[in-house]
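Numbering of residues begins at 1 and proceeds along the displayed sequence.
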Amino acid sequence: IAFIGGGGEIAYWLELKKVFEAVNVPYPMLVLRNSFLLAGIDSTELISKLNFSTQNLFLPQQTLINNTVKNETALQLSLKIQIEELDRLYQKIKIISSAIDVSLTKHTDALHKNATNKLITLQKKMLRAEKKKFDAQIRQIQKLKNQLFPTNNLQERVENFLPYYAKWGGAIVDELYTSSLALEQKFSILLVN
């Protein structure tokens, strides 16, 4: 006996394992079904225009936006090197201050942490300011994510199949059947025109 279902259904069945044991009923084998993401021509054009891989599509929207800004800008947005230099500077200051009085070590550490936090805050503000220059790409990313992951969920959890069937008829069923690789347990992106 096997139960074939989506991730949510499988998680539900996993909660029931002890119930099956308690009533001495064989527990079914759980099989994760294939899932599909249907991407139309406008989505595929946006994916291409934004130079995204299919793996990028599953990243959170904010990560995609930040990565796009960092990759597209000609300006330095990271203060990683400066923070490392600050760490080295405070290590030297700590040696000097602790030689004078060991009790100054905690104060030096607090100053170091404070200065580091201020640089991290500045780095976030720099990224936020640079994002304003990439408004068009940000809107495209938001549009793409809303098309492919409505309300930040998988399509299959939000959208009804009927609009797809109305648009493509039985061809969409045939395509899903052809693309479903039995028990491969894959998440497939199906490009539909």
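Between the side chain of S180 and the main chain of Y177, no donor-acceptor pair closer than 3.5 Å is present.
Classification of E130 and K133 as a salt-bridged pair holds, one side-chain N sitting under 4.0 Å from a carboxylate O. Look at R33 and E156 and you find a salt bridge, because one of the NZ, NE, NH1 or NH2 atoms lies within 4.0 Å of a carboxylate O, short of that distance. Electrostatic pairing of D109 and K113 does not count as a salt bridge here, judged by no charged N lying under 4.0 Å from a carboxylate O.
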If you apply the rule side-chain contact (heavy atoms from CB on, under 4.5 Å), what do you find for I172 with F161, and how did you get there? CA-CA 10 Å; I172 190 72; F161 176 73; 3.7 Å; yes

How far apart are the C-alpha atoms of N66 and T63, what are their side-chain angles, what is the distance that settles it, and do they pass the side-chain hydrogen bond (donor to acceptor under 3.5 Å, both in side chains) test? CA-CA 5 Å; N66 290 346; T63 303; 5.9 Å; no

Start with the C-alpha distance between T108 and S97, add both sets of side-chain angles, then the distance that settles side-chain hydrogen bond (donor to acceptor under 3.5 Å, both in side chains), and finish with yes or no. CA-CA 8 Å; T108 305; S97 65; 3.0 Å; yes

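Ring planes of F58 and F149: perpendicular class, angle over 60° (limits at 30 and 60°). Ring pair W168/Y164 is parallel by interplanar angle, where below 30° counts as parallel and above 60° as perpendicular.
Between Q155 and F36, the shortest heavy-atom contact is OE1-O, 4.4 Å. Across all non-hydrogen atoms, the minimal contact from F20 to P28 is CE2-CD, 3.8 Å. Of all heavy-atom pairs spanning G7 and L32, the tightest one is N-CD1, 3.5 Å. Closest approach of Q123 to L77, counting heavy atoms only: CG-O, 3.4 Å. The two residues E159 and P150 come nearest to each other via the heavy atoms OE2-CG, 3.5 Å.
Each of L57, I141, L50 was compared with L64 under the side-chain contact (heavy atoms from CB on, under 4.5 Å) criterion, and only I141 meets it.
The environment of Y12 atom OH is sparse: at most 12 non-hydrogen atoms of other residues, nucleotides or ligands sit within 6.0 angstrom.
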